[in-house]
Number of protein chains: 2
Amino acid sequence: MVYTSRYPFFYVTVDIVILTIREDALAALVVQRGEEPFAGRWALPGGFVDPDEDLLEAAVRELREETAVATGDVRLEQLASFGAPGRDPRHRVVSVAWLAVLPHGPEPRAGSDAAGAEWKPVDFLLGEGRLAFDHAEILGEGVERARAKLEYTGLATEFVDDEFTVAELRRVYEVMWGHRLDPGNFHRKVTRTPGFLERVGRAVTRGPGRPAELFRFGGAEVLHPPLTRSTFG
Amino acid sequence: MVYTSRYPFFYVTVDIVILTIREDALAALVVQRGEEPFAGRWALPGGFVDPDEDLLEAAVRELREETAVATGDVRLEQLASFGAPGRDPRHRVVSVAWLAVLPHGPEPRAGSDAAGAEWKPVDFLLGEGRLAFDHAEILGEGVERARAKLEYTGLATEFVDDEFTVAELRRVYEVMWGHRLDPGNFHRKVTRTPGFLERVGRAVTRGPGRPAELFRFGGAEVLHPPLTRSTFG
DNA sequence: ACAAAAGTGTTGAGCGTACACCCATGG
DNA sequence: CCATGGGTGTACGCTCAACACTTTTGT
């Protein structure tokens with residue numbers, strides 16, 4: 001089918017919000033821009049979609065190029081698309097944004113495309129004039145999505161190692177929601193939610209205090225009942 | 001815009017899931033395709049994004065072109081983007097899907113682009129071989145999003161007129177969730193959720209039975225507490 | 001008068017919050 | 001033996017589901 005372009009063409013890119021928790025703060029992986037526009041500002045990892053590549057494939061490829069993570073372990077979730085005419089002053093670009101969550105924020109691979117990538121606290125990046133393009137808006141949507149999904153999915157377990165203690169999981173919720181939770185009630189709540197946690201059968205001791213049982217994610221698609229943000233403290 | 005393309009070009013379109021309730025069934029607005037590919041199948045309304053148009057603007061324009069609705073009254077929410085390489089056999093097209101909800105399913109405007117547009121039950125459209133392209137997947141996401149948002153937003157009020165009775169609102173939930181709700185408990189629940197309903201101060205009588213109070217949407221961004229689908233029957 | 005729909009009252013079960021309390025370790 | 005964090009027990013209050021009951025209309 002021959003089609004002379006009656007319709008306009010666009011560049012299509014993917015941008016990835018990669019979240020982790022470092023030093024009890026939510027952080028995102030960003031690269032510093034060397035060129036105009038927005039030289040010196042931070043930008044979300046991302047790049048152009050290849051001609052024969054699905055959007056998810058493109059996001060997975062970019063994620064792998066920027067971090068040392070085995071792609072099989074990471075879930076990517078589509079956030080939204082951004083295509084305002086002036087969002088990139090050079091061309092008309094529509095960007096499909098994705099969300100990924102990693103445990104502990106591994107150091108970006110040396111020698112890769114992402115040699116200049118760094119973890120930066122989200123609070124810093126969302127300040128005025130830190131991020132390039134409309135990336136503050138994209139990051140904001142990613143953070144809000146992650147916060148919301150903690151309530152009714154097992155997303156929190158993606159912030160911690162494969163095997164984790166209830167206290168480590170609680171720390172994720174406390175950092176993401178910005179307030180402390182009652183340790184006892186939290187423990188009961190997560191261990192009794194069907195499919196959320198699976199007992200490993202070993203315990204670890206980190207510093208003083210009684211050793212903590214290790215758990216794995218139990219595979220539940222949705223949490224019933226959810227861990228509500230408004231109530232339960 | 002002169003640029004030697006180091007990077008590939010894409011067509012970008014918007015597709016809109018427009019939902020309504022007709023004859024106690026969820027229905028979507030679709031147009032019948034006259035040409036290959038997928039001639040004779042139904043397709044979601046949509047079209048190409050203009051060169052200097054934001055994605056939301058494009059969706060609003062397409063919605064207006066297909067229906068008789070004043071655009072100020074309708075909220076459009078972005079669903080997701082779809083860009084698998086083969087989804088349109090003719091070109092590489094990335095489509096940004098949007099969700100809109102209308103009361104009562106007004107007849108599409110005669111003489112407009114949408115002369116061929118019709119309301120069809122969602123259950124019918126989701127059957128094998130009814131929808132063109134990947135539109136079944138898009139419609140499915142729209143329906144699931146709408147179902148979920150009934151729980152914690154005032155979305156249900158967009159399915160009914162500006163002024164409505166509690167029973168009319170209940171019918172929306174019953175159709176969307178596929179089971180009956182206790183009238184008394186539902187009434188108490190929605191009238192006591194802060195910001196959900198605002199009493200108009202008039203009553204209407206439709207058929208036998210005590211006249212029903214009229215309400216308007218109260219403007220609440222989120223419903224606290226939510227109307228949970230799993231519990232409460 | 002009767003049926004039907006709107007809306008309120010009531011009750012018992014279950015859940016969440018707060019907080020007391022015991023357990024098991026490091027120092 | 002004390003501090004610290006892990007984990008369980010308990011009691012009170014609140015919400016929800018079920019359903020009885022009153023109100024107000026059409027026929």
Side-chain angles (χ1 to χ4, degrees), chain A residues 24 150-152 160-161 163-175 177 179-194 196-216 222-233, chain B residues 24 150-152 160-161 163-175 177-216 222-233:
Chain A
D24 282 349
L150 292 190
E151 296 190 20
Y152 59 94
V160 294
D161 286 324
E163 299 185 348
F164 53 87
T165 67
V166 172
E168 287 163 357
L169 191 67
R170 175 163 46 85
R171 217 53 213 117
V172 173
Y173 281 90
E174 289 179 337
V175 167
W177 289 350
H179 60 86
R180 302 207 87 85
L181 300 170
D182 181 283
N185 292 335
F186 183 85
H187 185 279
R188 217 186 336 252
K189 180 86 187 179
V190 295
T191 53
R192 298 208 178 156
T193 300
F196 193 9
L197 298 188
E198 194 175 274
R199 177 165 261 116
V200 169
R202 293 199 320 281
V204 285
T205 160
R206 324 215 204 270
R210 172 172 163 181
E213 286 290 315
L214 282 173
F215 292 86
R216 256 193 299 271
V222 288
L223 304 184
H224 280 297
L227 287 74
T228 49
R229 210 188 318 187
S230 44
T231 56
F232 139 69
Chain B
D24 283 349
L150 291 191
E151 297 190 21
Y152 58 94
V160 294
D161 286 325
E163 299 186 347
F164 52 87
T165 67
V166 171
E168 286 163 358
L169 192 67
R170 175 164 45 86
R171 214 57 208 113
V172 173
Y173 282 90
E174 290 178 338
V175 168
W177 291 350
H179 60 88
R180 303 206 85 85
L181 300 170
D182 181 282
N185 292 334
F186 182 85
H187 185 279
R188 217 187 335 254
K189 179 86 189 182
V190 296
T191 52
R192 298 209 176 155
T193 301
F196 193 10
L197 298 188
E198 193 176 275
R199 177 166 260 114
V200 168
R202 294 198 321 281
V204 286
T205 160
R206 323 212 205 273
R210 173 173 165 180
E213 286 291 317
L214 282 172
F215 292 85
R216 257 192 298 271
V222 288
L223 304 184
H224 281 297
L227 287 74
T228 49
R229 210 189 317 187
S230 44
T231 56
F232 141 69

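Each chain gets a letter, A, B and so on, in the order the sequences are listed, and its residues count up from 1. Reckoned from all heavy atoms, side chains included, excluding hydrogens, waters and symmetry mates.
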Nearest whole angstrom, please: distance from the [atom2] of [N] to the [atom1] of [X].
| X | N | atom1 | atom2 | result |
| --- | --- | --- | --- | --- |
| A:F186 | D:dG7 | CZ | P | 12 Å |
| B:L169 | C:dA6 | CG | P | 12 Å |
| B:R206 | C:dA3 | CZ | P | 25 Å |
| A:E213 | C:dA24 | CD | C1' | 12 Å |
| A:R171 | D:dG6 | CZ | P | 11 Å |
| A:L181 | D:dG7 | CG | P | 16 Å |
| B:F164 | C:dA6 | CZ | P | 14 Å |
| B:R180 | C:dA5 | CZ | C1' | 12 Å |

Heavy atoms only, 4.0 Å cut-off, all strands: where does [X] land among base, sugar-phosphate and nothing?
| X | value |
| --- | --- |
| A:R170 | sugar-phosphate |
| A:G207 | sugar-phosphate |
| B:A203 | nothing |

Which sits closer to the 5' end of DNA chain C, B:R192 or B:A167, going by the nucleotide each is nearest to?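 Its nearest nucleotide lies further toward 5', so the answer is B:A167.
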Nearest to the side chain of [X], which nucleotide is it out of [options]?
| X | options | answer |
| --- | --- | --- |
| B:R188 | D:dA18, D:dT10, C:dA6 | D:dA18 |
| A:R210 | C:dC19, C:dA24, D:dC16 | C:dA24 |
| B:N185 | D:dC16, C:dG16, D:dC19 | D:dC19 |
| A:P208 | C:dA24, C:dC19, D:dT4 | D:dT4 |

Residues B:E213, B:R202: salt bridge by 4.0 Å N-O rule: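 Salt bridge flag = no for B:R202 with B:E213.
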Partner of B:F186 under ring-ring contact (aromatic ring centres under 6.0 Å, His included), chosen from B:F196, B:W177, B:Y173: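 So, applying the ring-ring contact (aromatic ring centres under 6.0 Å, His included) to B:F186 and each of B:F196, B:W177, B:Y173, only B:Y173 qualifies.
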Of B:P226 and A:T165, whose closest DNA chain D nucleotide lies nearer the 5' terminus?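 With A:T165 and B:P226 compared, the 5'-side residue is A:T165.
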Take A:F215 and B:P211, find for each the nucleotide of DNA chain D with the closest heavy atom, and name the residue whose nucleotide sits nearer the 5' end.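 On the 5' side of the pair lies A:F215.
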Between NE2 of B:H187 and OG1 of B:T165, what distance do you get to the nearest 0.5 Å?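 B:H187 NE2 to B:T165 OG1: 9.0 Å, rounded to 0.5 Å.
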Residue-phosphate contact under 4.0 Å: B:H187 side-chain N/O, C:dG7 OP1/OP2: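 Yes, because at least one side-chain N or O of B:H187 sits under 4.0 Å from OP1 or OP2 of C:dG7.
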Hey, does A:L227 have a side-chain heavy atom less than 4.5 Å from the side chain of A:L223?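 Yes; the side chains approach each other to less than 4.5 Å.
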So which pairs with a foot in residues 203-212 of chain B pass side chain to side chain donor-acceptor pair (under 3.5 Å), sequence neighbours left out?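 Every side chain to side chain donor-acceptor pair (under 3.5 Å) pair that includes a residue of residues 203-212 of chain B, provided the two are not neighbours, is B:E168-B:R206.
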